[in-house]
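Within every chain, numbering begins at 1; the chains are lettered A, B, ... in the order of the sequence lines, protein sequences first and strands thereafter.
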There are 2 protein chains.
Amino acid sequence: MATIKDVAKKAGLSVSTVSRYLNNHPYISDDKRKRIQEAMAELNYTPSSVATQLRSKKGTMIGILVSRIANPFFSHLVDSIEKNARLHGYTVLVMQTYDDKKAEKNMLEMLKQRVISGLVMCSIEGDSKTIESYQEYGPIVLCNEHIPETQLPQVYTDQEVASFEATEYLIAQGHKKIAYCTGGSLTRGGHGNSRTEGFERALHTHNLPMKIDWIFKQVHTIQDGMEVADKLLALPEENRPDAIFTSSDEVASGILERYLDVGKQVPRDLAILGFDNQPFTGMLSVPLTTIAQPIEALGRESTNLLISYLEEKDYQIDTSDLVLKLIIRKSA
Amino acid sequence: MATIKDVAKKAGLSVSTVSRYLNNHPYISDDKRKRIQEAMAELNYTPSSVATQLRSKKGTMIGILVSRIANPFFSHLVDSIEKNARLHGYTVLVMQTYDDKKAEKNMLEMLKQRVISGLVMCSIEGDSKTIESYQEYGPIVLCNEHIPETQLPQVYTDQEVASFEATEYLIAQGHKKIAYCTGGSLTRGGHGNSRTEGFERALHTHNLPMKIDWIFKQVHTIQDGMEVADKLLALPEENRPDAIFTSSDEVASGILERYLDVGKQVPRDLAILGFDNQPFTGMLSVPLTTIAQPIEALGRESTNLLISYLEEKDYQIDTSDLVLKLIIRKSA
DNA sequence: CTGAAAGCGCTAACAG
DNA sequence: CTGTTAGCGCTTTCAG
């Protein structure tokens, strides 16, 4: 591997001149510029980014933390972040937490070790105090995660209101016994889950009951959805909900599939509300009514915000696209 | 940020002793060991991986190249690779090419610059000679990409045979006018596309025609699928195919959706074959007949292979799981 | 078992 | 405009 030294020798110049050239320093005479270019080409030289980073303490890699990349919501989010980061010359390091605090800690440590220069967290496991403490090593922005009592920069949508409105929509359709699924536990990492809060508020507002048998935690996959359906179906008929608010389209599809399998009708026997508006959901046997998230905007705004910190510029989040939207189809 | 120097000073030892401790060198007296541990804890010290890499020339990051992370096939593949890499203590750097040679080149350059120590390529744009030339900087393994005339290590399935068999299945159902969609161009990066080859071989074997109007290139998305359907429907009836082999479930769903929209029936008016067996495909209005790929095994084997090169061990690919499987449902 | 010293490849004052 | 001179934080001989 050729080094800057070799280039300097071949060009008959000093290392510093070559270094200046590399950093597009102004004021380098044209003939030397040419000699450097020739030397670099001949030697097939590439600067070592490791050495550069060690010296300059500036990196060009940003980290992204997601819980599961295989979840389409996250893969699209990563897509959006990566695209925007690349626009600014940054590359992206993706890590999955699988809801594991350790993985999150690992990524935070990479910030400390300067492997990454900044971090977008699309998933949070640890408490905000811990995360905040890592800010001294580089900017951190929360994406689609909202913690009220923190000063960590965050880009988020109002899931409380969206959940409230979607639940009200269910109620307006005449449903009174509404079940609820969530991906995490009900309270997340010490702070409340805003979807849950919106759901509860709608129930309260309309004086509707919330029953333990109708609450499901830690459900993520189609399979999980099917199991939820089984539990619902095992309930005595008069105690069975007539609508369900789910945490994801996967879960919603699983429930739908199982209900259809046993000869039930949707939404007659159960109205199902999804979350995410994933590509296929409009094409299921019963097209899913669901809540669309502004993935592209979430990725774009959080990336822009992070980069503004990295480059010490100002950036004002454009919230105009950060809105959730209820997509009404057939399932509810 | 505390450095190894600070730790040494605080422990009253030399830097080299601390370095030895960090690298679990044998022969360090127990009391010094303890003093080092205390000093590190007090200073909240973390070794700088950048400096370590610069000196030792060994890294712990592997790169993954995919064309589009938002494609569920790739996001699941990345998931599998990441999980397996983590098992061995490696972290993962993901980059999308968007079918752009430049992005691929970038990743290859990261190998040269030692940002990553090894690379799994799940997508290939450039020619094999170029890629081979980067092998001197670190191991590269091809995942789900097969180039016959290269000595690059590769982990792949036999898509030619699977496509052949799936096409024969279509023919066995009585279809004689079979259309074809592909994600890329028909020949890819100079070498043939094995799916196309399998499809063609089946047609030849059964003396069936291949018509230009029935061939679609560069189709990827649901939207693309809908456009394909429109073109099909614009054909005079007697010239319209009665079956279609698609490159992905997205495309298949798009075609399906449009056909259903205009009142056609599937598979009566058109038999549709998908590719990938994505989670939702069994639950569409007409459940998709499709080809399942062994994603988990592809990720696992390529990661194991790459790591074996990195750690200079031997590894024999376990091909037993690397098989494609036709999933017969309703659409064909 | 431990320390001193010499760099890894590059950047950044400081003098010309 | 260009060269000299110190290091960045860590590993690795080479002598004790």
Would you give me the side-chain donor-acceptor pairs under 3.5 Å for residues 3-11 of chain A, sequence neighbours excluded?
| residue | atom | partner | partner atom | Å |
| --- | --- | --- | --- | --- |
| A/Thr3 | OG1 | A/Lys5 | N | 3.1 |
| A/Thr3 | OG1 | A/Asp6 | N | 3.4 |
| A/Asp6 | OD2 | A/Thr3 | N | 2.8 |

Would you mind building the protein contact string for nucleotides 9-16 of chain C? One character per nucleotide, 5' to 3', B for base within reach (heavy atoms under 4.0 Å), S for sugar-phosphate only, - for untouched. BBBBBB--
What residues, two or more places apart in sequence or in another chain, satisfy salt bridge (charged side-chain N to carboxylate O under 4.0 Å, His left out) together with [X]?
| X | result |
| --- | --- |
| A/Glu311 | A/Lys313 |
| B/Arg20 | none |
| A/Glu109 | none |
| A/Lys83 | A/Asp79 |

Taking the side chain as every heavy atom from C-beta outward, state whether A/Ile69 and B/Glu82 have any atom pair closer than 4.5 Å. no
A side-chain contact here means heavy atoms from C-beta on lying under 4.5 Å apart; do B/Leu119 and B/Met121 qualify?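 Yes. Closest side-chain heavy atoms under 4.5 Å.
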Note down the inter-axis angle between the two ends of the helix from C/dC1-D/dG16 to C/dG16-D/dC1, five pairs each, to the nearest 10°. 40°
Going by number, which of residues 106-114 of chain B have a non-hydrogen atom under 4.0 Å from DNA chain C? none
Applying side chain to side chain donor-acceptor pair (under 3.5 Å), which residue pairs with at least one partner in residues 48-69 of chain A are found, sequence neighbours left out?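 Residue pairs with at least one partner in residues 48-69 of chain A: A/Ser49-B/Gln113.
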Sequence-distant partners of A/Asp321, side chain to side chain donor-acceptor pair (under 3.5 Å), two or more places apart: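 A/Asp321 satisfies side chain to side chain donor-acceptor pair (under 3.5 Å) with A/Arg300 once adjacent residues are dropped.
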B/Tyr156: ring-ring contact (aromatic ring centres under 6.0 Å, His included) partners, not counting sequence neighbours: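 With neighbours one apart ignored, the set is B/His146.
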Checking salt bridge (Lys or Arg N to Asp or Glu O under 4.0 Å) for the pair A/Arg33/A/Asp30: CA distance, chi angles, key distance, verdict? CA-CA 5 Å; A/Arg33 190 185 299 276; A/Asp30 278 357; 3.6 Å; yes
We want to know whether A/Glu132 and A/Thr150 form a side-chain donor-acceptor pair, criterion being a heavy-atom distance below 3.5 angstrom. yes
Which two nucleotides bound the region of DNA chain D that has atoms under 4.0 Å from heavy atoms of chain A, read 5' to 3'?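 Contact span on the strand: D/dC1 to D/dG9.
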